[in-house]
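Here is the naming used below: chain letters follow the sequence lines, and residue numbers restart at 1 for every chain.
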There are 4 protein chains.
Amino acid sequence: MKSAIPPRSERTRQLIIESAAPIFNKKGYAGTSMSDLTTATGLTKGSIYGNFKDKDDVAVHAFQHNIDLIFDFFSKELKAAGSTWDKLLAYPRGFRKIYRMILSYGGCPILNTAVEADDTHAVLRKMAVDVLAKWKNSIISLITDGIDEGVIDPATDAAKSAEILIALMEGGSVLSKVTGEESYMLNAIDMAEEKITDMQRPT
Amino acid sequence: MKSAIPPRSERTRQLIIESAAPIFNKKGYAGTSMSDLTTATGLTKGSIYGNFKDKDDVAVHAFQHNIDLIFDFFSKELKAAGSTWDKLLAYPRGFRKIYRMILSYGGCPILNTAVEADDTHAVLRKMAVDVLAKWKNSIISLITDGIDEGVIDPATDAAKSAEILIALMEGGSVLSKVTGEESYMLNAIDMAEEKITDMQRPT
Amino acid sequence: MKSAIPPRSERTRQLIIESAAPIFNKKGYAGTSMSDLTTATGLTKGSIYGNFKDKDDVAVHAFQHNIDLIFDFFSKELKAAGSTWDKLLAYPRGFRKIYRMILSYGGCPILNTAVEADDTHAVLRKMAVDVLAKWKNSIISLITDGIDEGVIDPATDAAKSAEILIALMEGGSVLSKVTGEESYMLNAIDMAEEKITDMQRPT
Amino acid sequence: MKSAIPPRSERTRQLIIESAAPIFNKKGYAGTSMSDLTTATGLTKGSIYGNFKDKDDVAVHAFQHNIDLIFDFFSKELKAAGSTWDKLLAYPRGFRKIYRMILSYGGCPILNTAVEADDTHAVLRKMAVDVLAKWKNSIISLITDGIDEGVIDPATDAAKSAEILIALMEGGSVLSKVTGEESYMLNAIDMAEEKITDMQRPT
DNA sequence: CATGAATGAGCGTTCATTCAT
DNA sequence: CATGAATGAACGCTCATTCAT
């Protein structure tokens with residue numbers, strides 16, 4: 001039984017992506033140069049261009065990698081949560097677990113990309129928009145499930161609540177990032193949890 | 001009574017600042033070139049360098065200009081509001097008035113700068129942090145005043161509330177900007193107003 | 001009365017064009033690098049790009065300069081020639097005067113450009129085609145004039161004769177260039193003159 | 001009787017040569033990249049470098065291949081021609097048969113190479129010069145033979161006539177190539193045939 | 001002050017070539 | 001032999017900045 005050693009090229013691609021991901025996240029697309037990537041990877045420009053079409057291509061894969069990191073984390077959190085209720089709370093609670101890591105990583109990649117790309121880079125912007133939609137839909141589904149299960153007040157506006165929760169968490173994260181004060185993030189998380197608690201079906 | 005036409009040089013500086021401000025806001029510091037500024041102003045590079053030390057210097061003044069625009073607006077809103085209570089509500093209500101303008105301007109300059117500058121540009125980052133502190137203190141003062149006046153529940157955590165309000169408004173604005181959906185901003189504003197309403201002294 | 005000193009920029013443009021013209025003619029468009037041009041001019045890349053849009057732009061002006069050199073020469077030769085007959089002969093006789101200069105310049109620019117550009121560079125190709133058409137029309141006009149004046153056999157096919165004369169001179173020049181043997185050019189010139197002589201009206 | 005399938009390596013070499021030949025002819029030596037050749041052959045760079053020392057080596061063999069194509073064609077034409085006289089006419093007549101193919105192939109390889117290589121590539125230049133000498137000598141021999149046989153005017157300058165015939169055909173071909181007008185080639189061929197007819201021994 | 005021509009470093013990208021597998 | 005990943009120099013071009021006029 002042959003163990004699955006990925007081919008050399010795949011390892012190089014992965015090295016480039018993983019090295020580039022935090023750099024793009026911190027310095028932005030325009031602020032990151034290909035030389036930054038050769039320095040970080042120890043590879044030559046030719047090698048990077050042998051594995052990716054152009055800078056855009058690296059940025060797209062690096063951003064996707066960052067998205068995957070976040071989604072993998074929350075997927076596990078949701079899976080670990082038992083009830084619909086706990087799954088909904090898994091979002092703010094998950095942020096409480098990893099916000100420090102996110103901050104040291106340069107802030108939330110979705111928000112960083114959203115801010116830089118909205119007026120300058122259509123492809124990255126679309127990726128950010130898509131992942132936000134996915135996130136929002138996930139919250140909406142959970143709220144709907146909760147209503148169906150009778151644990152959430154049927155009067156709850158699922159879409160509105162989802163947008164507010166996302167705004168709180170993204171807003172809190174960027175403010176903590178720039179000010180260096182964790183309280184922004186923590187208070188936003190508290191508010192999000194409170195908001196979820198308020199959705200509870202009145203007895 | 002001072003009026004006086006500003007000297008020619010001052011007008012040129014102002015032209016550069018006002019032309020540069022929306023460009024930096026949309027394309028970011030790294031993404032904006034001095035050539036972008038000559039194109040926008042119709043001036044030569046020499047002229048810009050005659051009025052500003054370097055690109056940094058222009059960026060700093062452009063950002064300050066953007067901050068001033070926002071603060072001038074909210075200063076008027078607060079002045080127009082009668083009671084402490086109305087002054088507090090002037091923030092979300094003000095956003096409801098100008099969020100469309102902000103979006104077409106490239107999003108909230110404070111947030112845009114916070115995101116780009118946090119890891120790359122200490123001076124701009126500090127400016128963003130300072131203006132956020134000023135904003136937060138303004139909200140804290142209003143809440144404290146409200147408590148003193150007996151209109152706000154003394155149990156209210158002023159600092160925490162301020163941070164949540166800011167997180168909501170900045171979070172809502174960036175999400176509306178990138179997705180193009182106004183609901184993010186509007187729902188965040190609703191939530192902010194509701195949050196303020198909840199501070200009311202229980203009778 | 002102000003003497004016409006061209007502005008600095010015009011002089012730089014001219015320096016670049018005149019330096020680039022023989023280089024492009026010898027090494028071709030693809031074979032000439034911008035560094036070749038900085039070396040030849042003593043200027044920096046930035047300076048060249050300040051005066052020309054891109055490499056193409058330099059090449060186009062350099063080629064036009066080469067065309068002008070040739071046309072200026074033949075214009076003078078034609079003007080100096082008295083009769084229509086002598087004007088027609090001015091072409092081969094002109095080549096006899098300057099073929100050495102052409103060879104040391106890298107060969108006939110029209111032919112060089114025609115050969116390189118036909119499958120790779122539409123703009124240069126069109127310029128070469130246009131100048132060839134102009135040359136051909138000039139010969140056709142002279143022959144037609146000669147027929148009208150009664151010095152050239154009216155049975156002469158003007159267009160065909162023009163094309164043959166051009167083919168002879170261009171063919172002779174490229175063969176002399178590559179082989180280093182002047183005889184190719186000289187024999188082609190002889191043939192061209194003989195061909196013209198044969199056009200004479202039979203008495 | 002030797003037949004035998006050529007070894008695998010020889011077939012790969014041949015594939016590379018045959019694929020590269022028209023590309024070099026159209027885009028020139030400087031304008032053709034090794035990547036162009038991998039695209040055209042479907043092979044890897046390593047494979048090409050396994051069969052040829054470097055780009056130069058491929059170019060030399062590709063050019064030789066192009067020369068061979070032309071010479072094979074004219075060899076057959078000359079063999080098929082009965083008399084010395086017909087053999088001499090086989091050159092213009094051969095061009096009349098294949099000039100369209102030559103044009104669609106990117107023009108006459110001898111001329112193309114002559115033009116590009118004369119100032120930049122000594123090896124290719126020498127090959128072009130050698131093949132021109134061979135061609136010229138072939139014509140000279142035929143004329144000499146014709147004189148010996150009494151069919152050609154002994155006053156004919158064989159070398160001069162040879163150079164003129166070559167100049168006509170090469171000149172005509174390049175002008176037709178660049179302008180897209182067949183008349184240049186056809187008129188040059190007519191002139192060449194007329195020139196040959198004029199060599200006939202006066203009776 | 002303003003101009004505009006110039007600089008030199010750096011950009012993203014492609015080149016011909018090599019070499020372990 | 002062939003592969004494909006890697007190299008490092010060079011490519012065309014743009015950058016922020018300077019300075020004589």
Side-chain angles (χ1 to χ4, degrees), chain A residues 7-13 15-16 30-38 41-59, chain B residues 7-13 30-38 43-59, chain C residues 7-13 16 30-38 41-59, chain D residues 7-13 30-38 41 43-59:
Chain A
R8 196 192 223 290
S9 77
E10 198 46 50
R11 271 180 291 151
T12 305
R13 264 182 82 87
L15 165 67
I16 295 168
T32 300
S33 71
M34 294 306 287
S35 294
D36 289 337
L37 304 189
T38 62
T41 55
L43 298 170
T44 59
K45 286 183 183 182
S47 177
I48 295 177
Y49 276 92
N51 286 282
F52 294 90
K53 193 180 152 291
D54 51 21
K55 184 182 168 184
D56 244 57
D57 195 21
V58 186
Chain B
R8 183 127 139 61
S9 75
E10 198 45 52
R11 271 182 291 150
T12 304
R13 268 182 77 86
T32 300
S33 71
M34 295 304 285
S35 293
D36 289 337
L37 304 188
T38 61
L43 298 172
T44 61
K45 285 184 185 178
S47 177
I48 294 176
Y49 275 92
N51 286 279
F52 295 89
K53 190 179 155 289
D54 52 19
K55 184 181 167 184
D56 246 56
D57 196 20
V58 186
Chain C
R8 194 190 226 290
S9 76
E10 198 45 52
R11 272 180 290 150
T12 305
R13 264 182 81 86
I16 294 167
T32 300
S33 71
M34 294 307 287
S35 293
D36 289 336
L37 304 189
T38 62
T41 55
L43 297 169
T44 59
K45 286 183 186 180
S47 177
I48 296 176
Y49 277 92
N51 286 281
F52 294 90
K53 193 181 151 289
D54 52 20
K55 185 184 168 184
D56 244 57
D57 196 20
V58 185
Chain D
R8 184 127 141 59
S9 74
E10 196 47 48
R11 271 182 291 153
T12 304
R13 267 182 79 87
T32 300
S33 71
M34 295 304 285
S35 292
D36 289 336
L37 305 190
T38 59
T41 55
L43 298 172
T44 61
K45 285 186 184 177
S47 176
I48 295 176
Y49 276 91
N51 286 279
F52 295 90
K53 190 179 154 288
D54 53 20
K55 184 182 168 184
D56 246 56
D57 196 20
V58 186

Original post:
Can you check the E10(A) CD to dT3(F) P distance for me, whole Å?
Top reply: 21 Å
Original post:
What's the CG-P distance between L37(B) and dT14(F), to the nearest Å?
Top reply: 17 Å
**OP:** Return the value, rounded to whole Å, for the distance between atom CZ of R11(C) and atom P of dG4(E).
**Re:** 16 Å
**OP:** Starting from the 5' end of DNA chain E, give me the residue, D36(A) or N51(C), whose nearest nucleotide shows up first.
**Re:** N51(C)
**OP:** Identify, between T32(C) and G50(A), the residue whose nearest nucleotide on DNA chain F lies closer to the 5' end.
**Re:** G50(A)
Original post:
Can you check the I48(C) CD1 to dG8(E) P distance for me, whole Å?
Top reply: 13 Å
Original post:
Given dA10(F), is OP1 or OP2 found less than 4.0 Å from the side-chain N or O atoms of S35(C)?
Top reply: no
Atom pairs under 3.5 Å, N or O on each side, protein against nucleotides 17-21 of chain E: can you list them with distances?
residue	atom	partner	partner atom	Å
dT17(E)	OP2	Y49(D)	OH	2.8
dT17(E)	OP2	K55(D)	N	2.9
dT17(E)	O5'	Y49(D)	OH	3.3

**OP:** Taking the side chain as every heavy atom from C-beta outward, state whether K55(D) and S33(D) have any atom pair closer than 4.5 Å.
**Re:** no
Original post:
Under a 3.5 Å cut-off for both distances, is dA9(F) Watson-Crick or wobble paired, and to whom?
Top reply: dT14(E)
**OP:** Determine the contact category for T38(B): base if any of its heavy atoms lies under 4.0 Å from a base atom, sugar-phosphate if only primed atoms, P, OP1 or OP2 are that close, otherwise nothing.
**Re:** nothing
Subject >> Of L37(A), D54(A), T12(A), D57(A), the residue whose pairing with I48(A) passes side-chain contact (heavy atoms from CB on, under 4.5 Å) >> reply: L37(A)
Subject >> Nearest-neighbour nucleotide for the S33(A) side chain, dA6(E), dC11(E), dC11(F) considered >> reply: dC11(E)
**OP:** Identify which nucleotide among dA2(E), dT3(F), dT7(F) has an atom closest to any side-chain atom of T44(A), counting heavy atoms from C-beta outward.
**Re:** dT7(F)
**OP:** With the side chain counted from C-beta on, respond yes when N51(D) and L43(D) share a heavy-atom pair under 4.5 Å apart, and no when they do not.
**Re:** no
**OP:** Just name whichever nucleotide pairs with dA20(E), Watson-Crick or G-U, keeping both distances under 3.5 Å, else none.
**Re:** dT3(F)
